[in-house]
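Hydrogens, waters and symmetry mates play no part in the numbers below; they use all other heavy atoms, side chains included.
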Amino acid sequence: MAAITVTSATELSNIQGHLLVVSDIQLEGNLTIAAGSILEFRNGAQIICTEEVYDQNNNAIVNHFSVAFNNNTIIASDYSVFIGYSSISGSLANAEINADWFGAATAGLCTKAVNTAIGLSLNQTVVMPSRVYTINSNDISPIILDKSGTSLVCNGQINCSSSSLDCMFDLRAERINLLIHRIHRTNGQNDCSAVRISGNAYDCDIRADFITAFDKGLDFSPAFYGDAMNSGVQHCRFKWQIISCTYDIYFDFCANANNVSSQTVQYSVWFTDNYFLGGRLHGVNALYMKPTPPVLPNNYHLYTPTDCVFENVGFEKEGQVSLDLHDCENFTFKNCRISTNELRRDDESFHKFILLNNCRNIRIDNKCGFDLNRMDSTDSHNVTITNHNYSDWPMTRACALPTLPPSSDIIAYCHSETNAYNRIVMQIYSGTINHEIDFDEIFPDIGGGAKLLTKIVRLVVSGGMTLKIKCSPNQILALPDISFVCVLSGSSGIQFVCNNAIIKAAYSSMIINSHELVELLNF
């Protein structure tokens, strides 16, 4: 097909074929490109709107011009070619659609240009070439991924300084493929997320090499668009190299629950079967899950977040809250790194790395040594911490009160093949004012009449309980180098019920670790 050089808007709108634009074309109105055309731009030529239209609503003069592409149109250019447009519609036949064609490289037009490119795509890849993009206050909308099957590849860096946007990328559809090299927040004045998954997402692939300085990095906060009845994230995959934000990964499954209180339709929210592959989480709060409000609208149904895997994730920043989970179950952390080398503490507080509240079946396989003093657990059950470099033992219930279930049951292993005695067991007791156990009950059964013997036992007693432990000389002498770490809150206490002098001497150096009023009842 021979190229036809066009020099005016009239020629451009009336000819179907290979159209060659070698100089700027001024438009004063709307433009329709014939089906099957090829638009090739050379010499930096652009299509520019010059018509001025008075906008009475905004009391300002604005440019107004729209372009409509009919089927199978192809654009050939390496630079921005549409300037000053109000809207562009239709579809393109290019294998890849370049967001720069619509002004993405121009500060203040970036999000509009990318959204325009996404709107023209039909299962094609939208690309943002390797350059630095600027998002400022003139960008009035986030980049919205609301077309199923969209692929967006950003090989450059996006700097966001807008104080009007609450997120940079807003994902609202299924089978989205988002690849970002670097997103950086240059103005942290407002609550802004880098990537927010707010709509119904299924089978999506999200990869971000670097996300820095945002309030939230990956933000899972469902929103409701029109009459949408479901908002869930399922079978999605998230990968990154470094995320360093106030909240690196943030969950708020009830963020907009009150917005549906007046609706009559049933809304459902779920988060299940998702996979996270790190990467380091280097912000203030690595993984934060906001607690579920005690009261939700009757038409708002939140399913328990469940069955998610975090693999090879590094929680390595000193002073960081690594895991802060609420109301979830079946979360697995495989081959992760939770470093607790930071020893900062004062008279009033002791920094915690893991906080669990009302969680079930949490499995943490940690590459680093972990100090159990760095974890708090409330109403959580079947929590397992295993050192990555050692062998697993069968899951064992760590606390079995005969009359009242414990508020939490946690067991942590630090077991090597050559030294099976080098383990830590954590026992939590709460809820009964006076409770008495036998010394052997501290060590869980592992089958065949055997006990999980350890040389370090961490006893956590709360709720005003006095825990009485009955012991005999034979039981104590069988483990001559055992150490107890006792964490007591309020008026709780521990009493070893035995008057044997050998036993008393053996436990005269018992370690006490508490930051509230402590009463330790000695022999």
Side-chain angles (χ1 to χ4, degrees), residues 110-112 114-115 118 126 128 133 135 139-148 150-152 154 158-180 182-185 187-226 228 230-234 236-240 243-260 267 269-272 274 276 279 281 283-290 302 305 308:
C110 184
T111 61
K112 176 183 178 181
V114 177
N115 286 331
I118 292 173
V126 174
M128 300 175 68
Y133 295 89
I135 307 295
D139 290 281
I140 60 176
S141 170
I143 296 172
I144 299 174
L145 300 164
D146 59 355
K147 294 180 68 174
S148 296
T150 296
S151 293
L152 174 60
C154 177
I158 300 177
N159 290 331
C160 178
S161 62
S162 174
S163 59
S164 60
L165 297 181
D166 58 2
C167 71
M168 264 301 313
F169 294 88
D170 194 354
L171 194 154
R172 308 175 184 175
E174 301 86 4
R175 294 179 288 105
I176 298 295
N177 180 23
L178 176 61
L179 172 60
I180 314 165
R182 186 184 296 271
I183 319 175
H184 179 67
R185 177 85 169 150
N187 179 1
Q189 293 182 354
N190 71 320
D191 180 0
C192 186
S193 303
V195 181
R196 182 174 64 192
I197 295 84
S198 65
N200 194 46
Y202 172 83
D203 193 25
C204 297
D205 282 283
I206 311 299
R207 174 183 165 184
D209 294 336
F210 301 94
I211 300 177
T212 53
F214 284 84
D215 185 61
K216 304 177 184 71
L218 298 178
D219 179 7
F220 299 90
S221 298
F224 300 91
Y225 306 102
N230 296 307
S231 181
V233 182
Q234 185 175 15
C236 294
R237 294 156 295 279
F238 302 89
K239 301 179 182 179
W240 66 90
I243 303 178
S244 183
C245 300
T246 304
Y247 297 94
D248 294 331
I249 301 179
Y250 180 86
F251 302 92
D252 184 1
F253 301 113
C254 303
N256 294 281
N258 292 331
N259 294 343
V260 302
Y267 289 88
V269 174
W270 64 91
F271 185 85
T272 184
N274 297 298
F276 296 79
L281 298 177
V284 179
N285 300 274
L287 186 63
Y288 175 78
M289 186 174 292
K290 192 171 183 179
L302 173 63
C308 293

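The nearest pair of heavy atoms linking Pro142 to Cys167 is CB-O, 3.2 Å. Contact detail for Leu171 and Ala201: the closest heavy-atom pair is CD2-CB, 3.7 Å. Counting all heavy atoms, side chain and backbone alike, Asn115 lies closest to Ile143 at OD1-CA, 3.4 Å. The minimum heavy-atom distance between Met168 and Leu165, with the atom names listed, is SD-CD1, 4.5 Å. Shortest non-hydrogen contact noted between Tyr133 and Met128 is OH-C, 3.3 Å. Between Ala194 and Ile211, the shortest heavy-atom distance links the atoms CB-CG2, 3.4 Å.
Residues satisfying the side-chain hydrogen bond (donor to acceptor under 3.5 Å, both in side chains) criterion with Asp139, sequence neighbours excluded, are Thr111. Contacts of Lys290 classified as salt bridge (Lys or Arg N to Asp or Glu O under 4.0 Å), with partners at least two apart in sequence or in another chain: Asp252. Not counting sequence neighbours, the partners of Arg237 by the side-chain hydrogen bond (donor to acceptor under 3.5 Å, both in side chains) test are Asp203, Asp205. By the side chain to side chain contact (heavy atoms under 4.5 Å, CB included) test, Asp166 pairs with Arg196, sequence neighbours left out. In terms of the side-chain hydrogen bond (donor to acceptor under 3.5 Å, both in side chains) criterion, residue partners of Ser164 (sequence neighbours excluded) are, by chain and number, Ser162. Residues passing the salt bridge (Lys or Arg N to Asp or Glu O under 4.0 Å) test with Arg207, sequence neighbours excluded: Asp209. Every side chain to side chain contact (heavy atoms under 4.5 Å, CB included) that Cys192 has, sequence neighbours left out, goes to Arg185, Asn190, Phe214. When the ring-ring contact (aromatic ring centres under 6.0 Å, His included) test is applied to Phe169, no partner is found at least two apart in sequence or on another chain. With sequence neighbours left out, the salt bridge (Lys or Arg N to Asp or Glu O under 4.0 Å) criterion links Asp215 to no other residue. Here Lys112 pairs with nothing under the salt bridge (Lys or Arg N to Asp or Glu O under 4.0 Å) rule; sequence neighbours left out. Here Ser244 pairs with nothing under the side-chain hydrogen bond (donor to acceptor under 3.5 Å, both in side chains) rule; sequence neighbours left out.
Between Ile197 and Phe271 the shortest side-chain heavy-atom distance does not fall below 4.5 Å. You'll find the side chain of Ser193 stays beyond 4.5 Å of the side chain of Tyr250, heavy atoms only. Contact annotation: the side chain of Val195 never approaches that of Asp219 to less than 4.5 Å [non-hydrogen atoms, C-beta and beyond]. Looking at heavy atoms from C-beta onward, Ile249 lies in side-chain contact with Leu281 at the 4.5 angstrom threshold.
Atom OG of Ser163 and atom CG of Asn187 lie 6.0 Å apart (nearest 0.5 Å). Here the CG-OH distance, from Asp191 to Tyr247, works out to 9.0 Å after rounding to the nearest 0.5 Å. Atom CD1 in Ile158 sits 12.0 Å away from atom CZ in Arg182 (nearest 0.5 Å). Here the straight-line distance linking atom CG of Asp170 with atom OG of Ser141 works out to 8.5 Å at 0.5 Å rounding. Rounding to the nearest 0.5 Å places CZ of Phe253 at 5.0 Å from CE of Met289. With values rounded to the nearest 0.5 angstrom, Arg172 atom CZ is found 4.0 Å from Ile144 atom CD1.
Side-chain N or O atoms of Asp248 include none that pairs as donor or acceptor with a backbone N or O of Leu287 at under 3.5 Å. Although no hydrogens or angles enter the test, the distance criterion places a donor-acceptor pair under 3.5 Å between the side chain of Asn274 and the main chain of Cys236.
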Below 3.5 Å, can you tabulate the donor-acceptor pairs from side chains in residues 173-180 to any protein atom, sequence neighbours excluded?
residue, atom, partner, partner atom, Å
Glu174, OE1, Ser148, OG, 2.8
Glu174, OE2, Asn200, ND2, 3.1

